[in-house]
2 protein chains.
Amino acid sequence: MTVARPTGDELVEMLAALANPIRLRIIATLAGGRDYVSHLAREIGISRPLLHMHLQRLEAAGLVLGSLELSEDGKAMKYFEVTDFDLHLTASELARAASTLTSPDPRKGPPRKEQT
Amino acid sequence: MTVARPTGDELVEMLAALANPIRLRIIATLAGGRDYVSHLAREIGISRPLLHMHLQRLEAAGLVLGSLELSEDGKAMKYFEVTDFDLHLTASELARAASTLTSPDPRKGPPRKEQT
DNA sequence: GTCATGTGTAAGAAAAAGCTGACATATGAA
DNA sequence: TTCATATGTCAGCTTTTTCTTACACATGAC
């Protein structure tokens, strides 16, 4: 698998990327075979710039992979495909990932003051 | 397991709930044993209202469960614990989930017009 | 050249999420 | 009563995310 035990930060990025209906549809569509941006946009029914943004998000998380290719008639086509990620989410697995989080651990910052 | 094959909507909600460092820490902490709100807030190092919001989000997604109990000295304590969720995320599993999404399928709305 | 296709990107509006501070209620103990 | 604990919730600010519109460039076909 591409990433079986991501760090806490990687995991958050992957989960955030997947937690969106449109991006879920993109993954679902690409799971049926690779496709290029403009066609995929028509397929899913969203604007190309919007799809572009979502693909960026998915690629940054390592869930899809894009490759620029030249078609026979010389046009630049960017094909995307899903990577073979495999995430197993349980409480203990999340606890393991959380231990590697680099995000600001509030206990190390200035003390919280709660109204008494 | 609590929810092994959630619908697309449920999955999006669960993923969104998990895609946050603080909520990941909450899950991790609760994975070590149940705890009540005020103590958990001190443990993690965030304000109680903020924790309250995050717990709401997690509980709505079915990832934690809260139960109001009375301590020996009569105080109302809300204890939270993690549910035994088990999510398996692969492209094909996501494709299955995506097929049950109820969110606006753009292809059924008014046609997109892209600059030609 | 013009048209249709493909690509990328930037600006700004609109919507959602995140967070704080303050308020409210309740209990037992001193 | 006053203090310290517990709970819940609301208003409003800040930040992030989402989305559209508009621009840019390139290619082959006509």
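Residue numbering restarts at 1 for every chain, and letters A, B, ... go by the order of the sequence lines.
Whole-Å rounding puts the Glu59(B) CD to dG8(D) C1' distance at 13 Å. Rounded to whole angstrom, the span from the CD atom of Glu43(B) across to the P atom of dA6(D) amounts to 13 Å. Look at CZ on Arg42(B): it is 7 Å from P on dT5(D), rounded to the nearest Å. At whole-Å resolution of the value, CD in Glu13(B) and C1' in dA16(C) are 15 Å apart. Protein atom CG of Leu55(B) is 10 Å distant from nucleotide atom P of dT7(D), rounded to whole Å. Met77(A) has its CE atom 18 Å from the P atom of dA26(D), to the nearest Å. Counting to the nearest Å, the P atom of dA17(C) and the CG atom of Leu18(B) are 15 Å from each other. If you measure from atom NE2 of His52(A) to atom P of dG6(C), you get 14 Å, rounded to the nearest angstrom.
Residues satisfying the side chain to side chain donor-acceptor pair (under 3.5 Å) criterion with Glu69(A), sequence neighbours excluded, are Arg34(A), Ser67(A). The ring-ring contact (aromatic ring centres under 6.0 Å, His included) check on Tyr79(B) picks up Tyr36(B), with sequence neighbours excluded. Remark: Asn20(A) engages no residue in a side chain to side chain donor-acceptor pair (under 3.5 Å) (not counting sequence neighbours). Evaluation of the side chain to side chain contact (heavy atoms under 4.5 Å, CB included) rule for Val37(B) yields Arg48(B), Leu51(B), Leu55(B), Lys78(B), Phe80(B) as partners, not counting sequence neighbours. Looking at residues two or more places apart in sequence or on another chain, you find no side chain to side chain donor-acceptor pair (under 3.5 Å) involving Thr100(A). In this structure, the side chain to side chain donor-acceptor pair (under 3.5 Å) partners of His54(B), at least two apart in sequence or on a different chain, are Arg23(B). Residues passing the side chain to side chain contact (heavy atoms under 4.5 Å, CB included) test with Ala61(B) are Glu13(B), Met14(B), Ala17(B), Leu63(B), sequence neighbours excluded. Listed by chain and residue number, Leu15(B), Ala16(B) satisfy the side chain to side chain contact (heavy atoms under 4.5 Å, CB included) test with Ala19(A) (two or more places apart in sequence, or in another chain).
Taking only distance into account, the side chain of Arg48(B) never meets the base of dG21(C) through a donor-acceptor pair shorter than 3.5 Å.
Of the residues in residues 67-75 of chain A, Asp73(A), Gly74(A), Lys75(A) come within less than 4.0 Å of DNA chain D through at least one heavy atom, sorted by number. Remark: Tyr36(A), Val37(A), Ser38(A) in residues 28-39 of chain A come within less than 4.0 Å of DNA chain C through at least one heavy atom.
Side-chain proximity of Pro49(A) to dA6(D), dT20(D), dG8(D): nearest is dT20(D).
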Please write out the pairs of protein N or O atoms and N or O atoms of nucleotides 14-19 of chain D separated by less than 3.5 Å, giving the distance to one decimal.
| from | atom 1 | to | atom 2 | distance (Å) |
| --- | --- | --- | --- | --- |
| dT18(D) | OP1 | Asn20(A) | ND2 | 3.4 |
| dT18(D) | OP1 | Arg23(A) | NH2 | 3.2 |
| dT18(D) | OP2 | Arg23(A) | NH1 | 3.4 |
| dT18(D) | OP2 | Arg57(A) | NH1 | 2.6 |
| dC19(D) | OP2 | His54(A) | NE2 | 3.0 |

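Taking each heavy atom of Ala91(A) and Ala31(B) in turn, the nearest pair found is O-CB, 4.2 Å.
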Should Ser71(A) and Asp73(A) be marked as a side-chain hydrogen bond (donor to acceptor under 3.5 Å, both in side chains) after you check the CA-CA gap, both sets of side-chain angles, and the distance that decides it? CA-CA 5 Å; Ser71(A) 65; Asp73(A) 63 351; 2.4 Å; yes
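Residue Lys78(A) places at least one side-chain N or O under 4.0 Å from the OP1 or OP2 atom of dG8(C).
Grouping Ile, Leu, Val, Met, Phe, Trp and Tyr by side-chain contacts under 4.5 Å, direct or through others, leaves Leu68(A) on its own.
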